[in-house]
Novice: 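Attaching a single structure in structure tokens format; questions to follow.
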2 protein chains.
Amino acid sequence: MKINDQEVAFEIEGKRYHCAMDITMDYIGGKWKTVVLWYLRNDKKRFGELRQLIPQITERMLSIQLKQLEEDGLVRREVFATKPPLKVDYSLTDFGRTLLPVLEAVAKWGRELGHSKGELVEIKSGLNKG
Amino acid sequence: MKINDQEVAFEIEGKRYHCAMDITMDYIGGKWKTVVLWYLRNDKKRFGELRQLIPQITERMLSIQLKQLEEDGLVRREVFATKPPLKVDYSLTDFGRTLLPVLEAVAKWGRELGHSKGELVEIKSGLNKG
DNA sequence: CAGAATCCGACAAGATACTG
DNA sequence: CAGTATCTTGTCGGATTCTG
């Protein structure tokens with residue numbers, strides 16, 4: 001990366017990265033993005049479906065993550081304004097699909113660690129909202 | 001993940017995770033861990049070597065990352081107390097090596113995006129310390 | 001050489017309440 | 001149904017200084 005007095009970097013849409021890991025982690029880093037992308041890997045999902053699939057996420061965080069994923073071109077948002085009850089679908093774009101091998105590797109590693117070292121725990125919760 | 005009123009989670013060494021992505025990202029998440037692991041993928045490196053390989057990182061952050069990676073069992077720290085000038089080697093453990101497929105996937109995706117969308121930029125810097 | 005200690009700002013993320 | 005708005009807390013990471 002360093003050539004004498006000069007360093008080399010990549011710029012993608014105004015953002016500067018210093019190596020390949022950097023780039024990828026900027027797209028999928030953080031606590032939620034991989035999880036959201038994972039649940040979109042097969043088919044489109046609605047906002048409420050994602051909420052139920054990821055009980056720990058708040059509406060606020062889900063909203064923010066989806067918006068960022070959309071801005072990054074990984075996720076497509078489709079609105080069907082039927083009546084007052086809105087219908088919004090989220091799905092992976094083709095660009096988002098290029099991430100699938102990465103997501104699969106990440107999921108596989110976690111899954112295997114969970115099986116070898118993890119203990120299964122059950123959490124009772126009367127309703128989702130404690 | 002949700003079964004009626006109950007949620008299921010994994011516990012690994014006291015930490016609770018709700019899905020596989022969650023587990024992996026806890027180990028390699030953040031701005032630096034993937035980069036550090038990446039530079040250790042082939043051979044052991046000394047603290048100063050890593051600093052030079054990752055010019056953007058501060059000593060503080062490198063120190064913190066290495067300590068966490070060691071606590072997580074991904075990296076091994078070897079000290080050779082020769083004289084006042086310490087010599088410390090960092091290398092991947094066998095457990096750390098299990099991450100290599102993940103790291104390779106992450107690196108590959110970033111590399112390809114860099115090639116297709118990125119612009120190469122050169123950054124002049126008289127010394128590393130601006 | 002290889003860190004540790006301290007301080008601090010920025011942002012990530014949680015809790016709660018409200019809306020078109 | 002699919003979000004916003006507001007407030008608060010927590011953590012990440014940068015800058016600087018010091019040490020065995």
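Computed from heavy atoms alone, side chains included, the values below leave out hydrogens, waters and symmetry copies. Chain identifiers are assigned alphabetically (A, B, ...) following the order of the sequence lines, protein sequences preceding nucleic acid strands; residue numbering begins at 1 within each chain.
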Novice: Which of the following nucleotides, D:dG13, D:dG20, C:dA15, is nearest to the side chain of A:Thr58?
Specialist: C:dA15
Novice: Take atom NZ of B:Lys67 and atom C1' of C:dA4, then tell me their distance rounded to the nearest Å.
Specialist: 7 Å
Novice: Of the nucleotides C:dG20, C:dA13, C:dA2, which one has an atom closest to the side chain of A:Leu86?
Specialist: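 It is C:dG20.
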Novice: Whole-Å distance between D:dT11 P and B:Asp26 CG?
Specialist: 12 Å
Novice: For B:His18 and C:dA13, what is the distance between atoms NE2 and P respectively, to the nearest whole Å?
Specialist: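 Distance check: B:His18 NE2 to C:dA13 P gives 13 Å.
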Novice: Calculate the interatomic distance between B:Glu49 atom CD and C:dA2 atom P; express it in whole Å.
Specialist: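 The distance from CD of B:Glu49 to P of C:dA2 comes to 8 Å, rounded to the nearest Å.
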Novice: Using whole Å, report how far CD of A:Glu59 lies from C1' of D:dT4.
Specialist: 10 Å
Novice: If the cut-off is 4.0 Å, is A:Lys31 near the phosphate of C:dG14, judged by side-chain N/O to OP1 or OP2?
Specialist: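 Looking at the OP1 and OP2 atoms of C:dG14, one of them is under 4.0 Å from a side-chain N or O of A:Lys31.
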Novice: Check whether any side-chain heavy atom of A:Asp89 lies under 4.5 Å from a side-chain heavy atom of A:Arg46, and answer yes or no.
Specialist: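 In short, these two side chains touch, coming nearer than 4.5 Å.
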Novice: Using a heavy-atom cut-off of under 4.0 Å over every strand shown, decide if A:Phe80 touches base, sugar-phosphate, or nothing.
Specialist: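 No contact at all - A:Phe80 keeps every heavy atom at 4.0 Å or more from the nucleic acid.
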Novice: Would you mind telling me which residue lines up with the more 5' stretch of DNA chain C, A:Pro85 or B:Gly48, judged by nearest nucleotide?
Specialist: B:Gly48
Novice: Over how many whole Å does the gap from B:Gln65 atom CD to D:dG14 atom C1' extend?
Specialist: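 After rounding, the reported distance stands at 13 Å.
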Novice: Just verifying a value: how many Å separate A:Glu78 CD and A:Lys44 NZ, rounded to the nearest 0.5 Å?
Specialist: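 Result: 4.5 Å between the selected atoms.
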Novice: Using OP1 and OP2 only, check whether a side-chain N or O of B:Ser63 sits under 4.0 Å from C:dG3.
Specialist: no
Novice: Any side-chain N or O of A:Tyr90 below 4.0 angstrom from OP1/OP2 of D:dC1?
Specialist: no
Novice: Remember a base hit wins even if backbone is also touched, and classify B:Arg60 as base, sugar-phosphate or nothing at under 4.0 Å, heavy atoms.
Specialist: base
Novice: Kindly point out which of C:dA13, C:dG3, D:dG14 is positioned nearest to the side chain of B:Phe47?
Specialist: C:dG3
Novice: In Å and rounded to the nearest 0.5 Å, what is the NZ to CG distance from B:Lys45 to B:Leu66?
Specialist: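 Going from the NZ atom of B:Lys45 to the CG atom of B:Leu66 covers 12.5 Å.
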Novice: Between P on C:dA12 and CD on A:Gln56, what's the gap in Å once rounded to a whole number?
Specialist: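 The answer, rounded to whole Å, is 21 Å.
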Novice: Using 30° and 60° as the class limits, which term best fits the ring planes of B:Tyr27 and A:Trp109: parallel, tilted or perpendicular?
Specialist: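 Ring orientation, 0 to 90° scale: perpendicular.
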Novice: Could you check how far CG of A:Leu62 sits from C1' of D:dG3, rounded to whole Å?
Specialist: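 Taking CG of A:Leu62 and C1' of D:dG3, I get 10 Å after rounding.
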Novice: Among A:Val75, A:Ile54, A:Leu74, which one satisfies side-chain contact (heavy atoms from CB on, under 4.5 Å) with A:Val36?
Specialist: A:Ile54
Novice: Counting heavy atoms from C-beta on, name the nucleotide in C:dG3, D:dG3, D:dG13 closest to the side chain of A:Val88.
Specialist: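 Comparing C:dG3, D:dG3, D:dG13 against the side chain of A:Val88, the answer is D:dG3.
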